[in-house]
Amino acid sequence: MFYLAVGPALFGDIAGHLKAAGLATAQSRLVVEKPIGRDLASACALNKAIASVFDEHQVFRIDHYLGKETVQNLMALRFANALYEPLWNSAHVDHVQITVAETVGLEGRAGYYDKAGALRDMVQNHMLQLLCLTAMEPPASLDADAVRDEKLKVLRALKPVDAANASRLTVRGQYRAGAANGGPAKGYLEELEGGVSDTETFVALKAEIENWRWAGVPFYLRTGKRLAARVSEIVVQFKPIPHSIFGEQAGRCVANQLVIRLQPDEGVKQWIMIKDPGPGGMRLRHVPLDMSFAESFGIRNPDAYERLLMDAVRGYQTLFMRRDEVEQAWAWVDPILAAWAETHQETQGYTAGTWGPSGSIALIERDGRTWHESL
Ligand code: BG6
């Protein structure tokens, strides 16, 4: 097994040399790290170079989010329970939110990050993978191609974002000086040491999936560096009940919500309404059925990489991205990048240690919704 954690420009050369040296045999496997390209054309070129040496079944494209415990639990939750699947559609789901928030800044990766930005670094891969697993149809089995076929269909059904709608559907942000991890934090440009840059360190966007299951159900995505907390979660917001039989004194019926927490404190919270215990009539309360994996199982979750590298050794490709998936994700992201360039959509500043620019709040509030408070 050859594991390439190198700049993607070297993938093709290394694969070629492995072949020339007689090391690329039918038993070999090639593990490659993101970024797989910086747009559709470069991703296709990389995939082609790799394919000239290795067969697709020998190639393992890592997206470490797929190795996270809760991400796989999403599949268990959806497909090992009869409870959710009948509700998992536009008749019952109001919208979905996917947040991947980080408190770290550039971490000395300016050379790479400033050329990439949050859309390429996080949305094209991790965020779209989470969206796919949330939105895909039930695959017939956990077989690698069965799962990846379904994810690909979701990517193909994403409504295009272009110059006509980008300013309404997307927000770009860049952090200014503020606070992080209990101390002062520099702004992005200061971290670049005087550089001039409009690279986004934050993206919020509204994605729509044009198929029968999800028509009219927005998927709001946001990710950024130097945000208020490190938290990654998927929130499935169900629709409100159609009619309340309880009087005003009972309090408001809050719609059900399923919160799948990827990190930290991995777990699942199903928010439901119950009667406030005790005498005093019928008063309703919104409470979570709270399942913290650490508390319930008390075990150490393997790091995403431990699991993924072990899967590669075993030859299981289910949690790795297939060539067409990566290319389809770029095919959706490319027009967003082009629209930003064409319309000169600039980054909005946000103070380090906050939840991003005000435009992100406006993006969701325009639709009468709010971001889930992740703390
Ligand atoms: C990487 C990105 O893929 O994921 C980084 O390149 C980001 O910019 C990291 O910080 C986040 O991973 P995790 O597992 O810490 O959420």
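Remember, it's 1-based here, ligands and their atoms both numbered in the order they're listed. All values reported here derive from a predicted model rather than from experimental measurement.
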Indicate if Ile364 and Val96 have the same hydrophobic cluster label, given that clusters are the connected sets of ILVMFWY residues with side-chain heavy-atom separations under 4.5 angstrom.
-> no

Mind jotting down which residue pairs meet the ring-ring contact (aromatic ring centres under 6.0 Å, His included) criterion with at least one end in residues 253-281? Sequence neighbours excluded, please.
-> Trp271-His286

Just heavy atoms, cut-off under 4.0 Å: does Arg230 contact ligand 1 by side chain, backbone, both, or neither?
-> side chain

Check each atom of ligand 1 against the heavy atoms of Lys68 and keep those under 4.0 Å away; list them by number with element.
-> 13 (P), 14 (O), 16 (O)

Ignoring hydrogens and geometry, is there a side-chain-to-backbone donor-acceptor pair from Asn81 to Leu83 under 3.5 Å?
-> no

Charged N to carboxylate O under 4.0 angstrom, Arg61 versus Glu56?
-> yes

Report yes if some N/O of His126 lies less than 3.5 Å from some N/O of ligand 1; otherwise report no.
-> yes

Below 3.5 angstrom, do we get any N/O pair linking Gln263 and ligand 1?
-> yes

Protein heavy-atom partner closest to atom 16 (O) of ligand 1 - residue, atom, separation in Å | Tyr65 OH, 2.4 Å

side-chain hydrogen bond (donor to acceptor under 3.5 Å, both in side chains) test vs Tyr175 passes for just one of Glu191, Lys225, Lys186, Arg226, namely Glu191

Quick one: which of Glu102, Arg109, Arg120, Lys34 has a heavy atom closest to atom 5 (C) of ligand 1?
-> Arg109

Proximal candidate to atom 2 (C) of ligand 1 [heavy atom criterion; set Asp303, Asp121, Thr201] | Asp121

Check: Trp371/Ser360 side-chain N/O donor and acceptor closer than 3.5 Å = yes

Is there a donor-acceptor contact under 3.5 Å from the side chain of Asp198 to the main chain of Thr347?
-> yes

Could you tell me which atoms of ligand 1, counted from 1 in the order shown, lie closer than 4.0 angstrom to a heavy atom of Lys225?
-> 5 (C), 7 (C), 8 (O), 10 (O)

Atom 12 (O) of ligand 1 sits nearest the protein heavy atom His64 NE2, 3.1 Å

